[in-house]
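Contents: one structure, followed by commentary.
As a basis for the values below, the full set of heavy atoms in this structure was taken, side chains included, without hydrogen atoms, waters or symmetry mates. Just so you know, residue 1 is the first one in the sequence shown, and it goes up from there.
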Amino acid sequence: MNTYINKGNKATKTGFGEGVLEAAKKNKNVVGIGADITASVGMNFFADAYPERFFSLGIAEQNCVAVAAGMALSNKIPVFSTYGVFAAHRACDQIRISVCYNNLHVVIGGAHAGVSVGPDGATHQALEDIATMRVLPRMTVISPCDATQAKIATEKAILEHDGPVYVRFGREPVADFTDENQNFVIGKGQIMREGSDICVIATGHEVWESLEAARHLEKEGKSVMVVNMHTIKPLDEELLLDLAKRFSTIYTVEEHQIIGGLGSAVAEFLSEHHPVRVIRIGMNDIFGESGKAEELMHRFKLDAEGICSSVCR
(Lines give C-alpha, C1' and ligand atoms only; values in the text may rest on other atoms or scores of the structure.)
Protein backbone atom coordinates (compact mmCIF):
# COMPACT_ATOMS: atom_id res chain seq x y z
CA MET A 1 0.00 0.00 0.00
CA ASN A 2 1.27 3.46 -0.88
CA THR A 3 2.05 5.63 2.12
CA TYR A 4 2.17 9.36 1.56
CA ILE A 5 3.97 11.67 3.97
CA ASN A 6 3.60 15.43 4.10
CA LYS A 7 6.95 16.90 3.06
CA GLY A 8 5.84 20.28 4.42
CA ASN A 9 2.97 22.60 3.66
CA LYS A 10 3.21 24.49 0.39
CA ALA A 11 0.61 26.40 -1.63
CA THR A 12 -0.51 24.91 -4.91
CA LYS A 13 -0.27 28.42 -6.39
CA THR A 14 3.48 28.18 -5.75
CA GLY A 15 3.64 24.90 -7.64
CA PHE A 16 1.74 26.48 -10.52
CA GLY A 17 4.18 29.37 -10.64
CA GLU A 18 7.17 27.04 -10.55
CA GLY A 19 5.69 25.04 -13.41
CA VAL A 20 5.25 28.16 -15.54
CA LEU A 21 8.86 29.15 -14.86
CA GLU A 22 10.22 25.72 -15.78
CA ALA A 23 8.24 25.71 -19.02
CA ALA A 24 9.48 29.21 -19.85
CA LYS A 25 13.09 28.09 -19.40
CA LYS A 26 12.56 25.37 -22.00
CA ASN A 27 10.50 27.31 -24.54
CA LYS A 28 11.11 30.96 -25.31
CA ASN A 29 7.63 31.28 -26.82
CA VAL A 30 6.00 31.01 -23.38
CA VAL A 31 4.60 34.40 -22.37
CA GLY A 32 2.75 35.46 -19.24
CA ILE A 33 -0.29 37.66 -18.81
CA GLY A 34 -1.38 39.08 -15.47
CA ALA A 35 -4.21 41.13 -14.02
CA ASP A 36 -2.51 43.12 -11.23
CA ILE A 37 -2.35 40.16 -8.82
CA THR A 38 0.93 38.63 -9.98
CA ALA A 39 2.24 37.21 -6.69
CA SER A 40 -1.21 36.15 -5.50
CA VAL A 41 -1.49 33.69 -8.37
CA GLY A 42 2.10 32.47 -8.49
CA MET A 43 3.12 34.33 -11.65
CA ASN A 44 5.79 36.38 -9.87
CA PHE A 45 8.47 33.73 -10.51
CA PHE A 46 7.99 34.07 -14.27
CA ALA A 47 7.61 37.86 -14.15
CA ASP A 48 10.83 38.27 -12.19
CA ALA A 49 12.83 35.94 -14.42
CA TYR A 50 11.44 37.11 -17.77
CA PRO A 51 10.06 40.65 -17.38
CA GLU A 52 10.24 41.19 -21.14
CA ARG A 53 7.84 38.27 -21.65
CA PHE A 54 5.34 39.22 -18.95
CA PHE A 55 2.47 41.62 -19.55
CA SER A 56 0.31 42.97 -16.74
CA LEU A 57 -2.85 44.34 -18.31
CA GLY A 58 -4.59 45.56 -15.19
CA ILE A 59 -7.86 44.40 -13.68
CA ALA A 60 -9.36 43.63 -17.08
CA GLU A 61 -9.75 39.87 -17.28
CA GLN A 62 -11.78 39.85 -20.50
CA ASN A 63 -9.08 41.85 -22.23
CA CYS A 64 -6.38 39.55 -20.83
CA VAL A 65 -8.05 36.53 -22.44
CA ALA A 66 -8.49 38.34 -25.75
CA VAL A 67 -4.81 39.31 -25.75
CA ALA A 68 -3.86 35.73 -24.87
CA ALA A 69 -5.87 34.49 -27.85
CA GLY A 70 -4.09 36.93 -30.14
CA MET A 71 -0.72 35.81 -28.84
CA ALA A 72 -1.62 32.15 -29.38
CA LEU A 73 -2.50 32.99 -32.99
CA SER A 74 0.96 34.56 -33.26
CA ASN A 75 2.75 31.33 -32.32
CA LYS A 76 3.23 32.20 -28.66
CA ILE A 77 2.18 30.02 -25.72
CA PRO A 78 0.31 32.39 -23.41
CA VAL A 79 -0.29 31.64 -19.74
CA PHE A 80 -2.91 33.82 -18.09
CA SER A 81 -3.70 33.57 -14.40
CA THR A 82 -6.12 35.30 -12.06
CA TYR A 83 -8.54 34.29 -9.34
CA GLY A 84 -10.72 31.41 -10.48
CA VAL A 85 -13.95 33.35 -9.91
CA PHE A 86 -12.78 35.96 -12.42
CA ALA A 87 -11.18 33.61 -14.93
CA ALA A 88 -14.09 31.18 -15.09
CA HIS A 89 -16.96 33.65 -14.83
CA ARG A 90 -16.00 37.21 -15.69
CA ALA A 91 -14.00 36.18 -18.74
CA CYS A 92 -16.10 33.18 -19.73
CA ASP A 93 -17.40 34.71 -22.96
CA GLN A 94 -13.90 35.49 -24.20
CA ILE A 95 -12.65 32.04 -23.20
CA ARG A 96 -15.56 30.39 -24.99
CA ILE A 97 -15.35 32.31 -28.25
CA SER A 98 -11.78 33.60 -28.58
CA VAL A 99 -9.98 30.59 -27.08
CA CYS A 100 -12.15 27.46 -27.20
CA TYR A 101 -13.96 28.11 -30.46
CA ASN A 102 -10.58 28.61 -32.15
CA ASN A 103 -9.04 25.70 -30.21
CA LEU A 104 -6.09 27.83 -29.15
CA HIS A 105 -3.35 26.65 -26.83
CA VAL A 106 -3.92 29.07 -23.97
CA VAL A 107 -3.21 27.91 -20.41
CA ILE A 108 -5.45 29.58 -17.82
CA GLY A 109 -4.62 29.47 -14.13
CA GLY A 110 -7.60 29.66 -11.77
CA ALA A 111 -6.35 30.64 -8.32
CA HIS A 112 -8.17 30.89 -4.99
CA ALA A 113 -10.01 27.61 -5.52
CA GLY A 114 -12.30 26.38 -2.76
CA VAL A 115 -13.15 27.60 0.73
CA SER A 116 -9.56 27.04 1.85
CA VAL A 117 -8.86 30.49 0.42
CA GLY A 118 -10.02 31.56 3.88
CA PRO A 119 -10.64 35.18 4.88
CA ASP A 120 -11.28 36.57 1.38
CA GLY A 121 -14.73 35.05 1.69
CA ALA A 122 -17.48 34.03 -0.71
CA THR A 123 -16.75 36.61 -3.42
CA HIS A 124 -13.25 35.26 -3.99
CA GLN A 125 -13.70 31.54 -3.28
CA ALA A 126 -13.97 29.72 -6.59
CA LEU A 127 -16.64 27.07 -6.07
CA GLU A 128 -18.28 26.94 -9.48
CA ASP A 129 -15.29 27.18 -11.82
CA ILE A 130 -15.02 23.47 -12.61
CA ALA A 131 -18.64 23.43 -13.75
CA THR A 132 -18.13 26.45 -15.98
CA MET A 133 -14.87 25.33 -17.53
CA ARG A 134 -15.65 21.66 -18.13
CA VAL A 135 -18.76 22.42 -20.15
CA LEU A 136 -16.75 24.39 -22.72
CA PRO A 137 -15.90 22.39 -25.85
CA ARG A 138 -12.19 21.55 -26.24
CA MET A 139 -11.31 22.73 -22.73
CA THR A 140 -9.10 20.51 -20.55
CA VAL A 141 -9.63 20.92 -16.78
CA ILE A 142 -6.87 19.99 -14.31
CA SER A 143 -7.08 20.15 -10.50
CA PRO A 144 -3.73 19.04 -9.01
CA CYS A 145 -3.63 17.70 -5.46
CA ASP A 146 -0.53 19.44 -4.11
CA ALA A 147 2.24 21.88 -5.01
CA THR A 148 4.52 19.23 -6.51
CA GLN A 149 1.77 17.95 -8.76
CA ALA A 150 0.72 21.49 -9.66
CA LYS A 151 4.24 22.18 -10.92
CA ILE A 152 4.35 19.00 -12.99
CA ALA A 153 0.82 19.44 -14.35
CA THR A 154 1.38 23.06 -15.31
CA GLU A 155 4.63 22.37 -17.13
CA LYS A 156 3.05 19.50 -19.05
CA ALA A 157 -0.04 21.57 -19.85
CA ILE A 158 2.18 24.25 -21.37
CA LEU A 159 4.77 22.17 -23.21
CA GLU A 160 3.14 18.83 -23.99
CA HIS A 161 -0.56 19.54 -24.38
CA ASP A 162 -2.57 21.27 -27.08
CA GLY A 163 -5.71 23.39 -27.02
CA PRO A 164 -7.21 25.31 -24.08
CA VAL A 165 -6.31 24.24 -20.54
CA TYR A 166 -7.66 25.38 -17.18
CA VAL A 167 -5.48 24.61 -14.15
CA ARG A 168 -7.18 25.04 -10.77
CA PHE A 169 -5.22 25.73 -7.58
CA GLY A 170 -5.42 27.26 -4.11
CA ARG A 171 -3.77 30.02 -2.12
CA GLU A 172 -3.02 28.72 1.36
CA PRO A 173 -0.18 26.29 2.14
CA VAL A 174 -1.44 22.70 2.21
CA ALA A 175 0.19 19.29 2.51
CA ASP A 176 2.77 18.65 -0.22
CA PHE A 177 3.07 14.88 -0.42
CA THR A 178 3.52 13.54 -3.95
CA ASP A 179 6.76 12.45 -5.59
CA GLU A 180 8.63 14.75 -7.94
CA ASN A 181 9.18 11.72 -10.20
CA GLN A 182 5.54 10.62 -10.21
CA ASN A 183 3.93 9.25 -13.34
CA PHE A 184 1.58 12.14 -14.11
CA VAL A 185 -0.49 11.86 -17.28
CA ILE A 186 -3.17 14.39 -18.17
CA GLY A 187 -6.46 12.51 -18.34
CA LYS A 188 -5.32 9.54 -16.22
CA GLY A 189 -6.30 9.32 -12.56
CA GLN A 190 -3.99 7.99 -9.86
CA ILE A 191 -4.80 5.29 -7.31
CA MET A 192 -3.22 6.75 -4.19
CA ARG A 193 -4.30 3.99 -1.83
CA GLU A 194 -5.81 0.56 -2.43
CA GLY A 195 -8.92 -0.49 -0.52
CA SER A 196 -11.78 -2.95 -0.64
CA ASP A 197 -14.63 -1.53 1.49
CA ILE A 198 -15.03 2.12 0.47
CA CYS A 199 -14.04 4.00 -2.71
CA VAL A 200 -13.31 7.72 -2.55
CA ILE A 201 -12.50 9.74 -5.67
CA ALA A 202 -11.09 13.14 -4.75
CA THR A 203 -9.57 16.11 -6.50
CA GLY A 204 -7.40 19.05 -5.50
CA HIS A 205 -6.73 19.62 -1.81
CA GLU A 206 -9.33 16.98 -0.95
CA VAL A 207 -6.97 14.18 -1.98
CA TRP A 208 -4.82 14.69 1.13
CA GLU A 209 -7.89 15.05 3.34
CA SER A 210 -9.25 11.80 1.87
CA LEU A 211 -5.97 10.02 2.55
CA GLU A 212 -6.07 11.27 6.14
CA ALA A 213 -9.67 10.05 6.43
CA ALA A 214 -8.66 6.65 5.04
CA ARG A 215 -5.87 6.33 7.61
CA HIS A 216 -8.33 7.11 10.39
CA LEU A 217 -10.94 4.66 9.09
CA GLU A 218 -8.31 1.94 8.76
CA LYS A 219 -7.98 2.02 12.54
CA GLU A 220 -11.68 1.18 12.68
CA GLY A 221 -11.21 -1.80 10.39
CA LYS A 222 -12.39 -0.16 7.17
CA SER A 223 -10.36 -0.50 3.99
CA VAL A 224 -10.61 2.69 1.89
CA MET A 225 -9.45 3.18 -1.67
CA VAL A 226 -8.46 6.77 -2.51
CA VAL A 227 -8.23 7.93 -6.12
CA ASN A 228 -6.78 11.25 -7.23
CA MET A 229 -8.84 12.45 -10.20
CA HIS A 230 -6.55 15.34 -11.03
CA THR A 231 -7.97 15.70 -14.53
CA ILE A 232 -11.69 16.34 -14.51
CA LYS A 233 -11.91 16.75 -18.25
CA PRO A 234 -11.15 14.45 -19.90
CA LEU A 235 -12.08 11.95 -17.21
CA ASP A 236 -10.23 8.67 -16.86
CA GLU A 237 -13.16 6.59 -18.10
CA GLU A 238 -11.25 3.31 -18.05
CA LEU A 239 -10.43 3.75 -14.37
CA LEU A 240 -14.00 4.76 -13.53
CA LEU A 241 -15.41 1.65 -15.18
CA ASP A 242 -13.00 -0.52 -13.24
CA LEU A 243 -13.99 1.14 -9.95
CA ALA A 244 -17.70 0.81 -10.73
CA LYS A 245 -17.25 -2.94 -11.22
CA ARG A 246 -15.55 -3.25 -7.85
CA PHE A 247 -17.72 -0.97 -5.67
CA SER A 248 -21.50 -0.57 -5.45
CA THR A 249 -21.09 2.96 -4.07
CA ILE A 250 -18.53 5.60 -5.04
CA TYR A 251 -17.90 8.78 -3.05
CA THR A 252 -16.56 11.91 -4.70
CA VAL A 253 -14.93 14.72 -2.72
CA GLU A 254 -14.21 18.22 -3.96
CA GLU A 255 -13.75 21.78 -2.75
CA HIS A 256 -16.46 22.88 -5.17
CA GLN A 257 -20.21 22.82 -5.56
CA ILE A 258 -21.49 19.26 -5.84
CA ILE A 259 -23.58 20.55 -8.75
CA GLY A 260 -21.53 20.49 -11.94
CA GLY A 261 -18.19 19.52 -10.46
CA LEU A 262 -16.20 16.30 -10.18
CA GLY A 263 -19.12 14.41 -8.65
CA SER A 264 -21.43 15.41 -11.46
CA ALA A 265 -18.87 14.42 -14.09
CA VAL A 266 -18.39 10.99 -12.48
CA ALA A 267 -22.14 10.44 -12.07
CA GLU A 268 -22.88 11.47 -15.66
CA PHE A 269 -20.42 8.99 -17.09
CA LEU A 270 -21.29 6.06 -14.83
CA SER A 271 -25.05 6.52 -15.24
CA GLU A 272 -24.64 5.80 -18.94
CA HIS A 273 -21.94 3.14 -18.87
CA HIS A 274 -22.07 1.26 -15.53
CA PRO A 275 -24.67 2.61 -13.09
CA VAL A 276 -23.66 2.58 -9.43
CA ARG A 277 -24.57 4.85 -6.55
CA VAL A 278 -22.49 8.05 -6.52
CA ILE A 279 -22.50 10.16 -3.34
CA ARG A 280 -21.08 13.63 -3.84
CA ILE A 281 -19.26 15.39 -1.00
CA GLY A 282 -18.64 19.10 -1.42
CA MET A 283 -20.44 22.42 -1.18
CA ASN A 284 -24.16 21.72 -1.36
CA ASP A 285 -25.59 24.70 -3.24
CA ILE A 286 -24.21 27.26 -0.79
CA PHE A 287 -21.60 30.01 -0.79
CA GLY A 288 -18.46 29.94 1.32
CA GLU A 289 -17.73 32.26 4.22
CA SER A 290 -14.86 34.31 5.59
CA GLY A 291 -12.62 32.68 8.17
CA LYS A 292 -9.43 30.71 8.68
CA ALA A 293 -8.89 28.02 6.08
CA GLU A 294 -8.88 25.11 8.51
CA GLU A 295 -12.00 26.40 10.27
CA LEU A 296 -13.90 26.66 6.99
CA MET A 297 -12.80 23.22 5.85
CA HIS A 298 -14.11 21.84 9.13
CA ARG A 299 -17.34 23.85 9.07
CA PHE A 300 -18.26 22.59 5.62
CA LYS A 301 -17.14 19.02 6.45
CA LEU A 302 -14.40 19.04 3.83
CA ASP A 303 -11.61 18.02 6.19
CA ALA A 304 -10.69 14.44 7.05
CA GLU A 305 -13.13 14.34 9.95
CA GLY A 306 -15.97 15.53 7.74
CA ILE A 307 -15.15 12.98 5.05
CA CYS A 308 -15.13 10.19 7.65
CA SER A 309 -18.58 11.19 8.86
CA SER A 310 -19.93 11.37 5.30
CA VAL A 311 -18.73 7.95 4.18
CA CYS A 312 -19.77 6.25 7.43
CA ARG A 313 -23.28 7.65 7.80
Side-chain angles (χ1 to χ4, degrees), residues 10-92 94-96 98-100 102-113 117 124 126 129 133 136 138-144 147-171 186:
K10 185 176 180 179
T12 45
K13 75 168 185 179
T14 302
F16 172 82
E18 292 172 346
V20 176
L21 179 59
E22 287 304 308
K25 291 177 181 178
K26 297 173 182 176
N27 192 322
K28 64 181 181 180
N29 287 323
V30 176
V31 295
I33 298 173
D36 272 7
I37 46 175
T38 307
S40 294
V41 298
M43 289 292 286
N44 51 306
F45 304 115
F46 175 88
D48 292 342
Y50 300 102
E52 74 283 0
R53 289 157 60 183
F54 181 75
F55 307 90
S56 183
L57 305 182
I59 305 174
E61 293 84 2
Q62 297 99 325
N63 184 48
C64 290
V65 173
V67 169
M71 288 182 168
L73 288 168
S74 301
N75 297 318
K76 300 298 182 182
I77 306 175
V79 181
F80 165 57
S81 185
T82 184
Y83 298 160
V85 289
F86 304 141
H89 306 302
R90 183 174 294 170
C92 185
Q94 286 72 25
I95 293 173
R96 178 176 180 265
S98 297
V99 176
C100 292
N102 292 293
N103 198 26
L104 300 180
H105 186 39
V106 175
V107 177
I108 301 166
H112 280 45
V117 169
H124 285 56
D129 55 320
M133 289 293 101
L136 295 175
R138 300 168 178 162
M139 178 66 76
T140 294
V141 180
I142 304 174
S143 175
T148 295
Q149 189 165 91
K151 177 182 178 181
I152 296 169
T154 301
E155 185 176 352
K156 285 181 175 288
I158 296 170
L159 299 180
E160 300 179 16
H161 205 60
D162 197 13
V165 183
Y166 180 76
V167 182
R168 184 180 201 252
F169 52 91
R171 180 182 73 173
I186 294 175

**OP:** Give every residue pair that meets the salt bridge (charged side-chain N to carboxylate O under 4.0 Å, His left out) criterion with at least one member in residues 154-163, sequence neighbours excluded.
**Re:** Lys26-Glu155, Lys156-Glu160
Original post:
Any idea which heavy atoms bring Cys64 and Gly58 closest together, and the distance?
Top reply: SG-O, 4.2 Å
Original post:
Who are the side-chain contact (heavy atoms from CB on, under 4.5 Å) partners of Lys76, not counting sequence neighbours?
Top reply: Asn29, Val31, Met71
**OP:** List the atom of Val165, the atom of Ala157, and the distance in Å for their closest heavy-atom pair.
**Re:** CG1-CB, 3.9 Å
**OP:** Indicate the atoms forming the closest heavy-atom contact of Val30 with Ala23, along with that distance.
**Re:** CG2-O, 3.9 Å
Subject >> With sequence neighbours excluded, residues passing ring-ring contact (aromatic ring centres under 6.0 Å, His included) with His124 >> reply: Tyr83, Phe86
**OP:** For Asn102, enumerate each residue passing the side-chain contact (heavy atoms from CB on, under 4.5 Å) test, keeping only those at least two apart in sequence or located in another chain.
**Re:** Leu104
Original post:
With sequence neighbours left out, what residues match Lys25 under salt bridge (Lys or Arg N to Asp or Glu O under 4.0 Å)?
Top reply: Glu22
**OP:** Give a yes or no on this: more than 12 heavy atoms of other residues, nucleotides or ligands lie within 6.0 Å of atom CD1 of Ile59.
**Re:** no
Original post:
Does the side chain of Val65 reach to within under 4.5 Å of the side chain of Phe80, using non-hydrogen atoms?
Top reply: yes
Original post:
Got a second to check how far Met139's CE is from Asn103's CG, nearest 0.5 Å?
Top reply: 10.0 Å
**OP:** Quick one: pull up CG in Asn27 and CG in Leu159 and give me the separation to the nearest 0.5 Å.
**Re:** 6.0 Å
**OP:** State whether the side chain of Arg171 and the backbone N or O of His112 hold a donor-acceptor pair below 3.5 Å, judged by distance alone.
**Re:** no
Subject >> Point-to-point distance, once rounded to the nearest 0.5 Å, from CD1 of Ile77 to NZ of Lys28 >> reply: 12.0 Å
Original post:
Donor-acceptor pair, Arg168 side chain versus Gly110 backbone, under 3.5 Å?
Top reply: no
**OP:** Go through the structure and list residues passing side-chain contact (heavy atoms from CB on, under 4.5 Å) with Ala87, not counting sequence neighbours.
**Re:** Thr82, Ile108, Tyr166
Original post:
Which residue pairs pass the salt bridge (charged side-chain N to carboxylate O under 4.0 Å, His left out) test with at least one member in residues 61-73, sequence neighbours excluded?
Top reply: Glu61-Arg90
Subject >> Within residues 38-59 or reaching into it, pairs that qualify as side chain to side chain donor-acceptor pair (under 3.5 Å) - sequence neighbours excluded >> reply: Asp36-Ser56
**OP:** Check side chain to side chain donor-acceptor pair (under 3.5 Å) between Thr148 and all other residues, then give those that pass, not counting sequence neighbours.
**Re:** Lys7, Asp176
Original post:
Who passes side-chain contact (heavy atoms from CB on, under 4.5 Å) against Asn63, sequence neighbours left out?
Top reply: Leu57, Ala60, Val67
Original post:
Do you know the tightest heavy-atom contact between Val167 and Pro144?
Top reply: CG1-CD, 4.1 Å
**OP:** Keeping to residues at least two apart or across chains, list the ring pair (Phe, Tyr, Trp, His ring centres under 6.0 Å) pairs with something in residues 16-35.
**Re:** Phe16-Phe169
Original post:
Shortest non-hydrogen contact from Ser81 to Val41?
Top reply: OG-CB, 3.4 Å
**OP:** Provide the closest heavy-atom pair for Ala111 versus Ala126 in the form atom of the first, atom of the second, distance.
**Re:** O-CB, 4.4 Å
Original post:
Is there a side-chain contact (heavy atoms from CB on, under 4.5 Å) between Glu18 and Lys10 once you walk through the steps?
Top reply: CA-CA 12 Å; Glu18 292 172 346; Lys10 185 176 180 179; 3.1 Å; yes
Subject >> Interatomic distance, Arg96 atom CZ to Met133 atom CE [nearest 0.5 angstrom] >> reply: 11.5 Å
Original post:
Is a side-chain donor or acceptor of His89 paired with a backbone partner of Gly84 at a separation under 3.5 angstrom?
Top reply: no
Original post:
Listed by chain and number, what are the side chain to side chain donor-acceptor pair (under 3.5 Å) partners of Thr12, not counting sequence neighbours?
Top reply: His205
